[in-house]
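Nothing fancy with the numbering, it's 1 onward along the sequence. When reading the values below, keep in mind they use all heavy atoms of this one structure, side chains included, and skip hydrogens, waters and symmetry mates.
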Amino acid sequence: MTDTDTDTDLAARIAALMPRAKDDLAELVAIPSVADPRQYPPEECRRAAQWVADAFTAAGLHDVHLARTSDGSDAVLGHRPPPPGAPTVLLYCHYDVQPPLDDAAWTTEPFALTERDGRWYGRGTADCKGNIVMHLTALRALGDDLPVGIRFVAEGSEEQGTGGLEQYVAQHPEQFTADALLVCDTGNAAVGLGTATTTLRGLVNVVVTVRTLRGEIHSGMFGGPAPDALAALVQALSTLRDPDTGATRIRGLDCEGTWDGVGYDEQQFRADAGVLDGVQLTGTGTVADRLWARPAVTVLGIDCPPVVGSAAAVPPTARARVSLRIPPGTDPHHALDALTRHLTDATPWGARLTVDPESTGAPFRAATDGPAYQALDTAVRDVYGKPLAYLGQGGSIPLCNVLADTYPDAEIILMGVEEPRCLIHAPDESVDPTEIQNMAHVEARFLQTYASRPRTR
């Protein structure tokens with residue numbers, strides 16, 4: 001039997017498994033596994049974890065069990081030994097999801113899988129329960145003919161960012177050792193374009209506080225010479241962006257990087273981001289440059305008197321939460337220092353400014369010249385008929401840096417079923433079922449192709 005015949009048979013098996021995949025995703029979406037006990041009972045996350053453990057046990061993995069991590073969440077772990085001489089591949093996903101945010105903004109019930117216009121809607125359909133189903137479908141299609149060893153982990157608190165799995169990996173590195181690590185929490189640049197995410201932006205979050213007065217004073221009696229803390233804060237924050245283009249400008253940071261992977265069409269970006277008609281995009285260079293190769297500052301929130309109920313008083317203090325996303329090549333500690341110095345220098349009138357660091361995370365760049373990427377390119381060409389594309393991502397996945405530090409010889413691949421129309425984290429999240437089918441085919445074909453590659457360990 002030729003490779004073409006083998007792949008045709010594999011594609012047919014995966015297509016036949018799609019009704020089961022839909023049923024699986026419906027069961028998973030129906031579990032509101034939000035890892036925030038203030039909003040949802042912790043039992044729901046444990047129920048999702050047990051569902052995952054049972055499903056992957058049935059799919060042929062060994063010793064699938066729940067492991068409690070330091071943040072109180074349960075990781076689902078399992079494995080299957082490799083055939084003699086074959087490499088081992090780690091399959092990652094997460095079963096926790098974002099809250100619906102605004103039930104009224106959903107067209108249909110967020111925790112019920114609903115089919116509409118060829119897509120499957122519901123919280124977690126793409127991020128990341130769709131990737132769980134992708135893994136299951138690939139393993140079921142291969143069955144007993146699994147040509148590599150498998151290590152499996154499903155995280156239970158990825159959306160909360162509380163770091164339970166990162167600490168668990170550091171404490172138990174032997175449980176995750178593999179030649180290639182498939183971190184399936186991203187996706188394709190567009191439906192039908194097989195893509196690996198090769199860079200992730202890092203993160204610097206700070207809380208900025210400006211103080212000018214001992215307390216509130218009447219704006220009629222003192223306004224004018226009395227320094228307004230809110231105005232001082234706004235003026236300092238405004239210097240973080242170019243006044244004409246809106247590009248991020250922080251002294252001491254390189255804000256002119258360029259992206260050399262797949263681009264992002266400007267009109268498509270406007271549609272994906274919901275930019276209002278007539279509103280300009282901020283920054284210069286290509287959209288991809290701005291998203292994946294340059295720092296990007298966002299004012300996440302401001303503490304100040306609300307409009308309704310505000311008094312005729314000069315504000316004595318004001319606070320803002322500021323987020324700075326940083327591209328690969330930028331050290332987060334250097335970025336924090338630069339942001340702090342910039343804001344300090346930009347604060348007017350001698351107002352007292354403090355910058356309190358909230359969180360930092362390093363950016364990530366994958367090495368793409370190894371055998372795993374070669375095997376993935378082959379698999380993508382077989383399934384999509386096009387070479388593997390490379391994409392950046394503006395978000396942060398701290399686990400990738402932990403994996404890279406812990407397993408420096410392993411190749412890390414970020415892939416999955418998500419694409420821009422999925423609207424992950426937003427109301428009306430959805431997944432294109434053809435992406436589940438095709439990416440399960442890509443994963444299964446990758447495991448077949450990679451089996452013949454030399455081991456890195």
When rounded to the nearest 0.5 angstrom, what distance separates [atom1] in [X] from [atom2] in [Y]?
| X | Y | atom1 | atom2 | value |
| --- | --- | --- | --- | --- |
| Glu419 | Ile424 | CD | CD1 | 10.5 Å |
| Ile132 | Cys93 | CD1 | SG | 4.5 Å |
| Arg294 | Thr286 | CZ | OG1 | 7.0 Å |
| Leu388 | Thr368 | CG | OG1 | 8.5 Å |
| Leu253 | His342 | CG | NE2 | 10.0 Å |
| Ile436 | Thr125 | CD1 | OG1 | 8.0 Å |

Modelled atom types, side-chain donor and acceptor of Arg445 and Gln448, under 3.5 Å: yes
Check [X] against [Y] and note the closest heavy-atom contact, atom names and distance.
| X | Y | answer |
| --- | --- | --- |
| Pro332 | Gly361 | CB-O, 3.9 Å |
| Val133 | Ala21 | CG1-CB, 3.5 Å |
| Pro173 | Gln171 | CD-C, 3.4 Å |
| Val442 | Ala379 | O-CB, 3.5 Å |
| Ser430 | Ala126 | O-CB, 3.6 Å |
| Tyr92 | Glu158 | OH-CG, 3.4 Å |

Flag, side chain of [X] to backbone of [Y], donor-acceptor distance under 3.5 Å:
| X | Y | result |
| --- | --- | --- |
| Thr114 | Ala112 | yes |
| Asp96 | Ser33 | no |
| His334 | Gly252 | yes |
| Arg249 | Asp242 | no |

Please list all pairs passing the salt bridge (Lys or Arg N to Asp or Glu O under 4.0 Å) test where one or both residues lie in [range], with sequence neighbours left out.
| range | answer |
| --- | --- |
| residues 16-29 | Lys22-Glu115, Asp24-Arg140 |
| residues 185-199 | none |
| residues 122-133 | Arg123-Glu429 |
| residues 368-378 | Asp377-Arg381 |

Gln167 vs Ser70, side chain to side chain donor-acceptor pair (under 3.5 Å): CA-CA, chis, key distance, verdict: CA-CA 7 Å; Gln167 294 181 40; Ser70 60; 3.0 Å; yes
Is any side-chain heavy atom of [X] less than 4.5 Å from a side-chain heavy atom of [Y]?
| X | Y | answer |
| --- | --- | --- |
| Pro32 | Gln39 | no |
| Leu91 | Arg151 | no |
| Thr186 | Ile397 | yes |
| His65 | Leu77 | yes |
| Pro295 | Cys255 | yes |
| Val89 | Leu182 | yes |
| Ile412 | Tyr407 | no |
| Thr248 | Thr282 | no |

Atom CD of Gln280 with >12 non-hydrogen neighbours under 6.0 angstrom: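 No, the 6.0 Å shell around CD holds no more than 12 heavy atoms from other groups.
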Residues Cys400, Val183; criterion side chain to side chain contact (heavy atoms under 4.5 Å, CB included); working and verdict: CA-CA 8 Å; Cys400 288; Val183 179; 4.3 Å; yes
Plane angle bin for Phe446 and Tyr450 - parallel if under 30°, tilted between 30 and 60°, otherwise perpendicular: parallel
Inter- and intrachain pairs under ring-ring contact (aromatic ring centres under 6.0 Å, His included), touching residues 114-150, at least two apart: none
Where at least one partner belongs to residues 144-165, residue pairs that pass ring-ring contact (aromatic ring centres under 6.0 Å, His included), sequence neighbours excluded: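 Applying ring-ring contact (aromatic ring centres under 6.0 Å, His included) to every pair that reaches into residues 144-165, excluding sequence neighbours, yields Phe56-Phe152.
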Any residue meeting ring-ring contact (aromatic ring centres under 6.0 Å, His included) with Phe364, in chain and number order, not counting sequence neighbours: none
Test log, rule side chain to side chain contact (heavy atoms under 4.5 Å, CB included), inputs Cys184 and Met134: CA-CA 9 Å; Cys184 294; Met134 176 192 74; 3.5 Å; yes
Arg421 and Asp432: CA distance, side-chain angles, deciding distance, salt bridge (Lys or Arg N to Asp or Glu O under 4.0 Å) verdict: CA-CA 9 Å; Arg421 291 183 61 197; Asp432 188 321; 5.4 Å; no
Partners of [X] by side-chain hydrogen bond (donor to acceptor under 3.5 Å, both in side chains), sequence neighbours excluded?
| X | answer |
| --- | --- |
| Asp428 | Thr107 |
| Asp272 | Tyr264, Gln268 |
| Glu266 | none |
| Gln160 | none |

Given Asp36, Asp71, Thr69, the one that forms side-chain hydrogen bond (donor to acceptor under 3.5 Å, both in side chains) with Ser157: Asp71
Where at least one partner belongs to residues 199-208, residue pairs that pass side-chain hydrogen bond (donor to acceptor under 3.5 Å, both in side chains), sequence neighbours excluded: Asn205-Ser323
Residues Asp331, His333; criterion side chain to side chain donor-acceptor pair (under 3.5 Å); working and verdict: CA-CA 6 Å; Asp331 179 80; His333 302 293; 5.2 Å; no
Criterion side chain to side chain donor-acceptor pair (under 3.5 Å) on Arg47 and Gln50, from CA distance to verdict: CA-CA 5 Å; Arg47 186 157 68 99; Gln50 192 59 55; over 6 Å; no
Leu66 and Arg46: CA distance, side-chain angles, deciding distance, side chain to side chain contact (heavy atoms under 4.5 Å, CB included) verdict: CA-CA 9 Å; Leu66 275 56; Arg46 190 167 184 86; 3.9 Å; yes
Check against side chain to side chain contact (heavy atoms under 4.5 Å, CB included), Ile250 and Leu343: CA-CA 9 Å; Ile250 297 174; Leu343 288 170; over 6 Å; no
